2 protein chains.
Amino acid sequence: MKPPVSDPSFTPKRERILDAAEELFARHGYDGVTLRQIAKKADVDVALANYHFGKKRDLFEATFLRRAQILNDVRLQALLEAEKEGDGTPPLEAIISAFLRPIQALKLSSDPGWRNYCALVAYINSSAVWGEEMMHRHFDPLVSRYIAALKKALPNTEPEKIHWCYHYLSGALTLTLAQTGRIDRLSEGLCQSTDSQTAYDLMIPFVAAGFERICGEP
Amino acid sequence: MKPPVSDPSFTPKRERILDAAEELFARHGYDGVTLRQIAKKADVDVALANYHFGKKRDLFEATFLRRAQILNDVRLQALLEAEKEGDGTPPLEAIISAFLRPIQALKLSSDPGWRNYCALVAYINSSAVWGEEMMHRHFDPLVSRYIAALKKALPNTEPEKIHWCYHYLSGALTLTLAQTGRIDRLSEGLCQSTDSQTAYDLMIPFVAAGFERICGEP
DNA sequence: GTCTATAACTGGATAGAC
DNA sequence: GTCTATCCAGTTATAGAC
């Protein structure tokens, strides 16, 4: 008989290592974390990380990859649905929603690991060392589909402008994912980094307005 | 007679250490860099970093602080000038310009160190560990002045919304400062991370439109 | 100010018992 | 799969000669 999966103490050790790595890498970066710290947080032996994942670098990749495909899948679903509703060319805001809402949904889901995973993606996307390679390999194929949809929604716009607007969107999203707590301090508690509801509800129209201004739609 | 400052071999070693630390910390993060690497890049002895700056942590702070005051000064100047021109309440876009243009100007200045310093600020702002404390202590006093100006330019708006919009602005700026090279790849060379001219020229209207949409001005 | 030498420690990685 | 024991390269930091 298998123990119930809901009890964290019964979680397979392999998964516990990934959970711990996710949280620590997200917060302290690749070099700021030791395998010993990860093992301690996961409550497993140090050598076990090596047994399951090989080198530290490979554990980092495995942590990143575990949820990347899931995120890509739900996003692709959202984009396809928007395209179906929009008869092939959904309006701008629907595309941006399809890009952002899945993340919001995962954050609000039952699995709290998504919060750490999002922070990990923010860390990787902000880093020149990791970002260029890893984001390109694992996320850009899907992002290219979003860019293509944006081009269709905003014809008569130079592709260059669409790329820059996507860059600003990516920046706003990345800092939101990082949940650094800075907005909490700056606003003296008025806003919270953890308030995903407000963060995404406002981000979508904010970004949509920016696109419209730059890409010259009414 | 002082040697010409343009010759790097005559730069005082202390400054060379800061230059090297700036570049390496920005790219690899605090934990991703060793004092030996910094010393090697600066072409000085390992012990010298310790002699001048004390512990590694203090060298990191010193690197961050060297240009922070300068940046705050030019920004404050820009904000005051905008307020003078706007009779106390400059229009939205003038405030955003006063926030962003000084950075663009420093990046385009003769001192290439500003490029690395900007990436360092991006690293710190993206990090939950460093960001909350260091950004708050050294940048938030001035940022609060910008927020106050935004509140005046956008009356009848809940302060909460202004803070969130500033957060999106900060995110777009941070990813731009990081110059990760991702936009280069995604756009297949159409756009360059290093193209500050375009990056800021488009960011200002993009962000202004977002503010207007959220904060309900025409 | 500058460098040599070294102390004291921590990191990743693995071999081998169970 | 799991854990003990250990290797050794590389780290910060400093004491002391010049």
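Residue numbers start from 1 in every chain, and the chains themselves are labelled A, B, ... in the order their sequence lines are given, proteins ahead of strands. This structure is a prediction, so every number in the text was calculated from the model and none was measured.
- Computed from coordinates, the Lys40(A) NZ to dG11(C) C1' distance equals 16 Å when rounded to whole Å.
- When rounded to the nearest whole Å, the span between CZ of Arg14(A) and P of dG1(D) equals 8 Å.
- Cation-pi geometry between Lys56(B) and Tyr30(B) is satisfied (NZ or CZ under 6.0 Å from the ring centre, within 45° of the ring normal).
- By the 30° and 60° cut-offs, the orientation of the rings of Trp130(A) relative to Phe60(A) is tilted.
- The nearest whole Å value for the distance from the CZ atom in Phe53(A) to the P atom in dG12(C) is 15 Å.
- In this structure the side chain of Leu80(A) reaches within 4.5 angstrom of the side chain of Arg145(A), judged on heavy atoms.
- To the nearest 0.5 Å, atoms CG (Leu120(A)) and CG (Asn125(A)) are separated by 11.0 Å.
- One interatomic measurement links the two molecules: CD of Gln37(A) to C1' of dG11(C), which rounds to 11 Å at whole-angstrom precision.
- Distance CG (Asp31(A)) to C1' (dT10(C)): 14 Å, rounded to an integer number of Å.
- Summarising the geometry, the separation between NE2 on His52(A) and P on dT14(C) is reported as 16 Å, rounded to the nearest angstrom.
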Classify every nucleotide of nucleotides 13-18 of chain D by which part a protein heavy atom approaches to under 4.0 Å, writing B for the base, S for the sugar-phosphate alone and - for neither, in 5'-to-3' order.
-> SB----

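- dT4(C) atom P lies 12 Å from atom CG of Leu48(B), rounded to whole Å.
- Considering only heavy atoms from C-beta on, Thr198(A) stays 4.5 Å or farther from Gln192(A) through its side chain.
- In this pair, Phe139(A) and Phe64(A) present their aromatic rings perpendicular. The plane angle is above 60°, beyond the 30 to 60° band.
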